[in-house]
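To start, the structure itself, in structure tokens.
Every chain is numbered from 1 and lettered A, B, ... according to where its sequence line falls, protein lines coming before strand lines. When reading the values below, keep in mind they use all heavy atoms of this one structure, side chains included, and skip hydrogens, waters and symmetry mates.
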Number of protein chains: 2
Amino acid sequence: MKLSKTSMQAALAMAFLAEQASDQFIQARQVGVHLGVPTDSALKVLQALARHGLIQSQLGRSGGYRLSRPADLITIAQVVEAVRGPIQGRAHLSTSDNKLTREIDILQGLCDKAAITLRAEFDRLTVADLRRTAPVSACVNS
Amino acid sequence: MKLSKTSMQAALAMAFLAEQASDQFIQARQVGVHLGVPTDSALKVLQALARHGLIQSQLGRSGGYRLSRPADLITIAQVVEAVRGPIQGRAHLSTSDNKLTREIDILQGLCDKAAITLRAEFDRLTVADLRRTAPVSACVNS
DNA sequence: GTTCCCCTACTCGGATACACTTTGTCCGAGTATGATCGG
DNA sequence: CCGATCATACTCGGACAAAGTGTATCCGAGTAGGGGAAC
């Protein structure tokens with residue numbers, strides 16, 4: 001399984017916001033500097049996260065972004081789904097007039113099941129876990 | 001999780017070869033017709049499967065392809081890895097000079113773990129299972 | 001009848017063009033804060 | 001001293017170009033089997 005660049009940026013941005021005071025708004029510019037990406041790119045990610053309610057945005061002169069709830073209540077699965085859409089199984093093949101529907105259905109079912117397993121895996125890790133210094137394997141394993 | 005078009009074609013081609021007599025060579029043309037794709041496309045898939053030893057190829061006038069071992073000894077994971085490369089976790093982000101290495105490592109570990117889980121899921125289903133008429137959920141669940 | 005040669009049908013492997021997804025960048029519009037100006 | 005107005009700094013949302021990945025198609029080269037001709 002691979003995490004796209006955008007997903008990584010989203011997770012790292014969330015970790016960055018988690019470091020700040022909970023009542024302070026952080027500007028997209030600062031997030032971009034921290035991630036080493038242009039402000040526009042950071043903005044895209046932050047906007048997606050805000051649309052899904054993971055962070056709050058403040059308009060105006062002293063605006064910015066902050067977490068909408070404690071970091072340990074936000075899972076990586078939620079972050080990834082905010083920027084990549086729902087984690088779900090898909091079997092890419094035009095279900096043409098062939099009689100292969102049975103095999104395709106079986107493979108589709110396999111994809112669905114794998115997606116559920118995958119999402120559960122990503123749900124075990126929270127944004128707060130990204131801040132811990134100790135190896136996180138135990139958390140994922142538990 | 002999603003299965004690419006190529007992966008689906010590979011799995012369906014394997015299921016098709018599993019239907020044939022075990023000592024009979026099937027031409028790429030026939031596989032293509034069965035899948036509803038051009039012969040060239042089927043050829044690409046079959047060549048990849050042959051390179052990884054999942055099927056045997058016979059050159060010459062009456063050549064073709066056949067399974068190299070019983071269908072119940074070939075898992076979907078092996079088929080997918082033959083055409084898509086190994087199933088492994090990757091965190092797409094340039095590990096620049098930032099001090100984000102800890103967070104990136106944690107996310108990379110999560111990807112690796114997810115990939116292992118995913119591969120195990122795909123290893124539970126064999127090519128022979130694609131031929132069964134009953135729903136295969138039980139197999140995947142067990 | 002036997003042997004040699006050629007012809008055909010197929011696979012092999014790379015190369016190339018196309019399509020789709022992902023990524024990066026830009027622009028106009030809207031909003032809240034602070035400063036300024038007039039009463 | 002107080003309130004209205006303007007300038008500023010930020011977000012919002014869409015649109016668009018660029019890059020990467022996956023997909024489809026084509027071509028020349030090589031190989032095994034069968035048919036035909038010569039002996």
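At the heavy-atom level, A/Gln27 lies under 4.0 Å from the strands shown only through sugar-phosphate atoms. In this structure, B/Ala50 reaches neither bases nor backbone, as no heavy-atom distance under 4.0 Å exists between it and the strands shown.
Between B/Lys5 and the phosphate of C/dC20, there is no side-chain N or O to OP1/OP2 separation shorter than 4.0 Å. A/Thr6 has a side-chain polar atom (N or O) that falls below the 4.0 Å cut-off from OP1 or OP2 of C/dT23. A sub-4.0 Å separation between OP1 or OP2 of C/dT23 and a side-chain N or O of A/Ser41 is absent. The side chain of B/Ser62 places no N or O atom within less than 4.0 Å of a non-bridging phosphate oxygen (OP1 or OP2) of C/dC10.
The two residues B/Ala114 and A/Leu118 have their closest heavy-atom pair at CB-CD1, 3.6 Å. The two residues B/Phe25 and B/Gln56 come nearest to each other via the heavy atoms CE2-O, 4.1 Å.
Judged as a ring-ring contact (aromatic ring centres under 6.0 Å, His included), the pairs with a partner in residues 4-23 of chain B (not counting sequence neighbours) are, in order, B/Phe16-B/His34.
For A/Ser57, the side-chain atoms get nearest to D/dT11 when compared with the rest of C/dG24, D/dT23, D/dT11.
Residues from residues 74-84 of chain B placing a heavy atom under 4.0 Å of any atom in DNA chain C do not occur.
Whole-Å rounding puts the B/Leu3 CG to D/dG22 C1' distance at 14 Å. Atoms CD (A/Gln47) and C1' (C/dC26) sit 13 Å apart, rounded to a whole Å. Atom CG in B/Leu46 sits roughly 8 Å away from atom P in C/dT11 (whole-Å rounding). Distance CZ (B/Arg90) to P (D/dG20): 13 Å, rounded to an integer number of Å. Computed from coordinates, the B/Arg29 CZ to C/dA9 C1' distance equals 11 Å when rounded to whole Å. The nearest whole Å value for the distance from the CD atom in B/Gln56 to the P atom in D/dT31 is 19 Å. In this structure, the CZ atom of A/Arg51 is 14 Å from the P atom of D/dT11, given to the nearest Å. Here the P atom of nucleotide C/dT11 and the CG atom of B/Leu17 are 11 Å apart, to the nearest Å.
Distance check, rounded to the nearest 0.5 Å: CD of B/Gln24 to CD of B/Gln27 gives 9.5 Å.
A/Glu121 has no carboxylate O lying under 4.0 Å from a charged side-chain N of B/Lys113, or vice versa, which leaves the two without a salt bridge. Classification of B/Arg84 and B/Glu81 as a salt-bridged pair fails, no side-chain N sitting under 4.0 Å from a carboxylate O.
If A/Asp40 and A/Arg61 are placed on DNA chain D by their nearest nucleotide, the residue sitting closer to the 5' end is A/Arg61. Nucleotides of DNA chain C nearest to A/Gln58 and A/Leu43 differ in position, and the one nearer the 5' end is that of A/Leu43.
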Output side-chain donor-acceptor pairs under 3.5 Å for residues 38-55 of chain A, partner residues at least two apart or in another chain, one line each.
{"residue": "A/His52", "atom": "ND1", "partner": "A/Ala48", "partner atom": "O", "Å": "3.0"}

